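For reference, the structure discussed in these notes is given below.
Given the structure is predicted, the values throughout are model-derived calculations rather than measurements. Atoms within a ligand are numbered from 1 in the order they appear, just like the ligands themselves. Quick note: numbers below take in every heavy atom, side chains included, and nothing from hydrogens, waters or symmetry partners.
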Amino acid sequence: MSVECFVTGGTGFIGQHLVANLSAKGHTVRVLMRHPERLAVLQEQVDSLGGVTSRVFAVAGDLERDKLGLSLADREVLKQARVVFHLGAHFAWGLSLEHSRAVNVEGAKRVALLAAEQNSRLVTIGGYMLKNHEHLQHIGIDPRDPELTNWPAVYRRVGAYEASKLEAHFATLALMSAKDGELTVVHPATVCGHSRTGHILDGQPLVALIRNLAQGKLTAVPGTAEHWLPLVTVDYLVELVAACAFDPAMAGQELLALDDQSPNLRELLVQVAQPMGLKPPRHHISLRLLRLLLSIPPIARFLNTNAEALDFIQTTRFDTAAVEQFANRHGIAKPDIRQSLQHTAMFVNSYYMAKSRAV
Ligand SMILES: NC(=O)c1ccc[n+]([C@@H]2O[C@H](COP(=O)([O-])OP(=O)(O)OC[C@H]3O[C@@H](n4cnc5c(N)ncnc54)[C@H](OP(=O)(O)O)[C@@H]3O)[C@@H](O)[C@H]2O)c1
């Protein structure tokens, strides 16, 4: 059955894979684009990822604009959307509070309002930090009473990207609850490249890590042997997201998309170093010391790392029983994460490192 879908962030990494997945399943996919004139480029990408380009359309708009900057005609067309997938966000370290709020928080509220007003199921992408309640409490958020949060303090503490994602999540929950809208939230771990092709977009946190390793800027493993960077492959993630959207039992539910087989950080570096013929670091550097070093701008520039990224390296383990059950129920196979890491490293080496070497 073909269903009308509206996707924000469809030009991004996860978004491209989701658009490919949905269009390959026969759905019509309308993508919010700040630059709709780039539709042909997106279609080419979607085609290379196995999607069906004739089912992919652009809708001009911007998360930062009132009512998403949609034309009246597009607004009418979008009323057909059974599902609204919200993936659009400005992901970067060192954003200002004002800008990250304008795109990530206000943008999320605009998308939620649109979905609620036209009775579309809203599927949003949060982040696995929202499932780490100890971390949330530690940074001043009580998930049972998020309205009591001193948000400017959270922005100062964890940086604007993460804080705006957290604030957007709670604002979306509140808005959808007030409007009696149907919401499903998927919380991914850090996203790894495609399990078979290794496809990943430059700018993703894992690409930055692999590049730093290749450029000799990662000479010690951050944290201890207990520290890990929880991962999920992009293909497994979009299968879960797509299945969630059409599963009536997932209305009002949140799903943590995280592969508990993700190795610790040291082993992760071993996996990505091996296919690139590199030596992985063997010794550890404490996160506290690294944070201190990164507070010195020339060192942060040299190491090409931002202290905001360190929060995602942690020792907390997560209960993944729900996602395993959900995946089994929908016949979604979980790829081998170690192999996926190797494929991702090979992809980064072929497409992005070769480019940097050529410059
Ligand atoms: N990647 C991860 O490891 C990870 C992990 C957990 C959660 N997430 C979340 O998953 C979602 C997608 O992440 P991603 O990695 O695919 O991001 P991405 O590759 O950086 O893509 C971001 C998308 O948002 C769009 N966007 C940014 N600002 C916009 C604006 N003002 N108006 C309209 N669209 C705008 C971009 O469009 P343009 O092409 O116009 O720039 C792009 O399509 C985000 O919510 C992110 O926080 C990602």
Side-chain angles (χ1 to χ4, degrees), residues 6-21 29-39 41-42 45-46 49 56 58-70 85-93 95 99-112 114 122-132 159-169 172 185-194 199-209 229-238 240-241 254-259 262 308-309 311-313 344:
F6 177 42
V7 177
T8 73
T11 55
F13 173 44
I14 305 170
Q16 289 182 1
H17 283 269
L18 181 66
V19 172
N21 181 299
V29 191
R30 302 189 191 277
V31 181
L32 184 77
M33 291 182 74
R34 291 190 282 183
H35 301 282
E37 70 282 4
R38 295 184 192 157
L39 176 65
V41 178
L42 173 64
Q45 188 62 17
V46 165
L49 298 175
V56 179
V59 176
D62 190 321
L63 292 169
E64 282 194 77
R65 290 177 56 194
D66 186 37
K67 297 192 163 90
L68 300 171
L70 297 173
F85 294 89
H86 177 48
L87 287 78
H90 190 176
F91 163 66
W93 310 130
L95 297 176
H99 173 73
S100 60
R101 258 193 168 153
V103 184
N104 298 350
V105 183
E106 294 308 319
K109 283 158 68 176
R110 289 182 182 112
V111 176
L114 176 119
L122 175 64
V123 178
T124 64
I125 306 295
Y128 73 104
M129 299 299 248
L130 279 152
K131 285 291 194 186
N132 185 345
Y161 168 71
E162 190 195 337
S164 62
K165 287 288 301 178
L166 301 174
E167 187 178 6
H169 172 70
T172 303
V185 189
V186 179
H187 295 296
T190 294
V191 184
C192 176
H194 190 283
H199 176 266
I200 190 165
L201 289 193
D202 207 355
Q204 288 294 307
L206 200 55
V207 175
L209 193 77
L229 182 67
L231 297 169
V232 62
T233 66
V234 71
D235 41 325
Y236 183 59
L237 172 63
V238 300
L240 294 170
V241 172
E254 298 186 23
L255 190 74
L256 174 67
L258 179 153
D259 187 337
S262 309
E308 283 181 47
D311 267 347
F312 295 86
I313 299 169
T344 304

For Glu308, all residues meeting side-chain contact (heavy atoms from CB on, under 4.5 Å), sequence neighbours excluded
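Result, side-chain contact (heavy atoms from CB on, under 4.5 Å) vs Glu308: Trp93, Tyr161, Asn306.
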Kindly indicate whether the side chain of Ile125, heavy atoms from C-beta on, has any atom under 4.5 Å from the side chain of Pro188.
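Yes. Closest side-chain heavy atoms under 4.5 Å.
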Do the non-hydrogen side-chain atoms of Arg110 and Lys67 ever get within less than 4.5 Å of each other?
no
Among Val232, Leu231, Ile200, which residue meets the side-chain contact (heavy atoms from CB on, under 4.5 Å) test with Val191?
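Testing Val191 for a side-chain contact (heavy atoms from CB on, under 4.5 Å) against Val232, Leu231, Ile200 leaves exactly one candidate, Val232.
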Min N/O separation [X] to ligand 1 under 3.5 Å:
X      : answer
Val191 : yes
Pro188 : no
Arg34  : yes
Thr11  : yes
Ile14  : yes
Ala89  : yes
Leu201 : no
Phe13  : yes

Among all protein heavy atoms, pick the one closest to [atom] and tell me residue, atom and distance.
atom                    : result
atom 21 (O) of ligand 1 : Gly12 CA, 3.3 Å
atom 17 (O) of ligand 1 : Gln204 NE2, 4.3 Å
atom 20 (O) of ligand 1 : Phe91 CB, 4.2 Å
atom 10 (O) of ligand 1 : Ile125 CG2, 3.2 Å
atom 23 (C) of ligand 1 : Gly9 CA, 3.7 Å
atom 34 (N) of ligand 1 : Leu63 CD1, 3.8 Å
atom 31 (N) of ligand 1 : Asp62 OD1, 2.9 Å
atom 11 (C) of ligand 1 : Leu87 O, 3.2 Å

Which side-chain N or O atoms in residues 7-21 pair as donor and acceptor under 3.5 Å with protein atoms at least two apart or in another chain?
unit_1 : atom_1 : unit_2 : atom_2 : d
Thr8   : OG1    : His86  : ND1    : 2.6
Thr8   : OG1    : Leu87  : N      : 2.9
Thr8   : OG1    : Gly88  : N      : 3.0
Gln16  : OE1    : Gln45  : NE2    : 3.2
Gln16  : NE2    : Thr11  : O      : 3.1
His17  : NE2    : His199 : ND1    : 2.8
Asn21  : OD1    : Lys25  : NZ     : 2.8
Asn21  : ND2    : Glu239 : OE2    : 3.4

Does ligand 1 have an atom that lies less than 4.0 angstrom from a heavy atom of [X]?
X      : value
Gly126 : yes
Ala189 : yes
Thr8   : no
Tyr161 : yes

Which heavy-atom pair separates [X] from [Y] by the least distance, and what is that distance?
X      : Y      : result
Asn104 : Ser164 : ND2-OG, 3.0 Å
Ala92  : Leu95  : O-CG, 3.5 Å
Met129 : Asp311 : CE-O, 3.1 Å

Check each atom of ligand 1 against the heavy atoms of [X] and keep those under 4.0 Å away; list them by number with element.
X      : result
Val103 : 28 (N), 31 (N)
Thr190 : 3 (O)
Lys165 : 9 (C), 44 (C), 45 (O), 46 (C), 47 (O)
Gly88  : 24 (O)

Output yes when a side-chain donor or acceptor of [X] lies under 3.5 Å from a complementary backbone atom of [Y], and no otherwise.
X      : Y      : result
His187 : Tyr128 : no
Arg30  : Val56  : no
Ser262 : Pro230 : no
Lys165 : Ala160 : no
Asp62  : Leu68  : no

About how many Å separate CG of Asp235 and CG of Leu237, when rounded to the nearest 0.5 Å?
9.0 Å
Examine the proximity of ligand 1 to His187 and report which part, side chain or backbone, both or neither, has a heavy atom under 4.0 Å away.
neither
Electrostatic pair Glu106-Lys109, nearest N-O below 4.0 angstrom
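A salt bridge is present here (some side-chain N lies under 4.0 Å from a carboxylate O).
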